[in-house]
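Here the structure is laid out as structure tokens; the discussion comes afterwards.
All residue numbers in this chain count up from 1 along the given sequence. All values derive from a computational prediction rather than experimental measurement. Keep in mind that the numbers below use all heavy atoms, side chains included, and drop hydrogens, waters and symmetry copies. Each ligand, and each atom within it, is numbered from 1 in the order the structure gives.
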Amino acid sequence: MKLEGNWSYPTAVRFGAGRIRELAEACKAAGISKPLLVTDRGLAGMDITKNALDILEAAGLGRAMFSEVDPNPNDKNLEAGVKVFRDGGHDGVVAFGGGSGLDLGKLIAFMAGQTRPVWDFEDIGDWWTRADASKIAPNVAVPTTAGTGSEVGRAGVLTNSETHVKKIIFHPKILPSVVICDPELTVGMPKAITAGTGMDAFAHCLEAYSSAFYHPMSQGIALEGLRLVKEYLPRAYRDGSDLEARAQMMSAAAMGAVAFQKGLGAIHAVSHPVGAIYNTHHGTTNAVVMPAVLKLNRPEIEERIAAAAAYLGIAGGFDGFFDFVMQLREELGIPDRLGDMGVGSDRIDEMVEMALVDPSGGGNPVKLTAANTKALFEACI
Ligand SMILES: NC(=O)c1ccc[n+]([C@@H]2O[C@H](COP(=O)([O-])OP(=O)(O)OC[C@H]3O[C@@H](n4cnc5c(N)ncnc54)[C@H](O)[C@@H]3O)[C@@H](O)[C@H]2O)c1
Ligand SMILES: [Fe+2]
């Protein structure tokens, strides 16, 4: 193995219950005096969002919100948000929400000053250097779910509303200037979202841990992230007001996202086309396809997973770990098959094609081919 890589763990995170009260100060630290708070429609009417706007207003930073954000946000949401940002004379974004609100908020701050279409900044090679970095507005990120870890990431996922393909848009300056991780914000998450987002964090840690690239820092973070999810996700699911469990899951989510610099894999490569076509929840979809991907990868990861199992206190090596995943899914009420989420077999060939070009597939320990990827979809549906 070539001992080589590009590593980046630079985010300033203010972590702790109640720290949303520091939101205005965080904006000022990021150089923002007229923020646009970006969130999704569901969160727009909730108390946690009103409270965040109150804090901004009380500090003299105005009270502006854009919430026309779909789950799996798309280019139309982005265009509308950029218009509101420009028309309102804003100088930064508070990206507030689950991955959908966070990603779209980050992308609005990125695109507000650009002239090229967003697709020119897909995460391919050095395409990000096409952007005018001096025109990128700062953003402060406030996660309200514990899953995507988008708050510590330099990318946003955007669905193309015409082709329904999910693309990763990347620029180093999309990285939030300051993050407020306040576990109290996640207390009101519905059970299914707690489960699905938590399993997204688990999938990030698992795929990063399993990928063959060289990144020992990520490897360690991924392993501890797996442990935190194992210990605390069932607790957060059973009792949403368990703040210790909520806090540990918030850490696990951020850890998953820094860990997946090391690579993702077939769970995400398969999940992205499903989400793009059927609008299923991202993390829940990951959890559904996880066992089939573990089986596919077994020959390459058996030893490594056995080591993780030992660390997690799971007996029985790879088989023990596999059984644990099946049990965890059941405990969290995750559907067994994609078919249970409304995914049919009629568009498998199209999804296989999309999965094969999905950038996350490159980290999968077993090389994805048309044949094994089709078999994966068949097994999952
Ligand atoms: N940028 C990245 O690195 C990255 C990584 C993984 C996934 N993603 C993207 O993130 C998105 C998924 O994010 P998500 O799983 O966090 O879900 P989400 O942001 O789509 O939110 C799911 C639902 O939960 C609601 N919600 C959020 N927080 C809540 C709270 N505290 N209380 C009550 N309801 C709440 C929202 O209103 C929404 O209806 C997808 O678009 C996916 O592509 C991005
Ligand atoms: Fe994910």
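Protein atoms that are N, O or S and lie under 2.8 Å from the Fe ion (ligand 2) are these: Asp200 OD1, His204 NE2, His268 NE2, His282 NE2.
Closest protein heavy atom to atom 39 (O) of ligand 1: Asp40 OD1, 4.3 Å. Protein heavy atom closest to atom 9 (C) of ligand 1, with residue, atom name and distance, is Asp103 OD2, 3.7 Å. Scanning all protein heavy atoms for the shortest distance to atom 40 (C) of ligand 1 gives Asn72 OD1, 3.7 Å. Protein heavy atom closest to atom 28 (N) of ligand 1, with residue, atom name and distance, is Thr144 OG1, 2.8 Å. What sits closest to atom 3 (O) of ligand 1 on the protein, heavy atoms only, is Phe260 CZ, 3.5 Å. Shortest contact from atom 23 (C) of ligand 1 to any protein heavy atom: Ile193 CD1, 3.8 Å. Of the protein's heavy atoms, Lys166 NZ, 2.7 Å lies nearest to atom 43 (O) of ligand 1. For atom 17 (O) of ligand 1, the nearest non-hydrogen atom of the protein is His281 NE2, 3.6 Å.
Looking at ligand 1, you'll find an N or O of Ser100 within less than 3.5 Å of one of its N or O atoms. Between His204 and ligand 1, not a single N/O pair is under 3.5 Å apart. Ligand 1 has an N or O atom lying under 3.5 Å from an N or O atom of Gly99, backbone or side chain.
Listed by atom number, the atoms of ligand 1 under 4.0 Å from Thr197 heavy atoms are 14 (P), 15 (O), 16 (O). Interface of Pro73 with ligand 1, defined as ligand atoms under 4.0 Å from a residue heavy atom, comprises 41 (O).
Across Leu185, Leu104, Val69, Leu43, heavy-atom proximity to atom 31 (N) of ligand 1 is greatest for Leu185.
In this structure, His268 falls outside the shell of residues with a heavy atom less than 4.0 angstrom from ligand 1. Ligand 1 lies out of reach of Ala257, whose nearest heavy atom is not under 4.0 Å from it. Residue contact annotation: Val187 has no non-hydrogen atom under 4.0 Å from ligand 1.
Proximity of Leu102 to ligand 1, defined as any heavy-atom pair under 4.0 Å, is not found for any part of the residue.
By the ring pair (Phe, Tyr, Trp, His ring centres under 6.0 Å) test, Phe121 pairs with Phe110, sequence neighbours left out.
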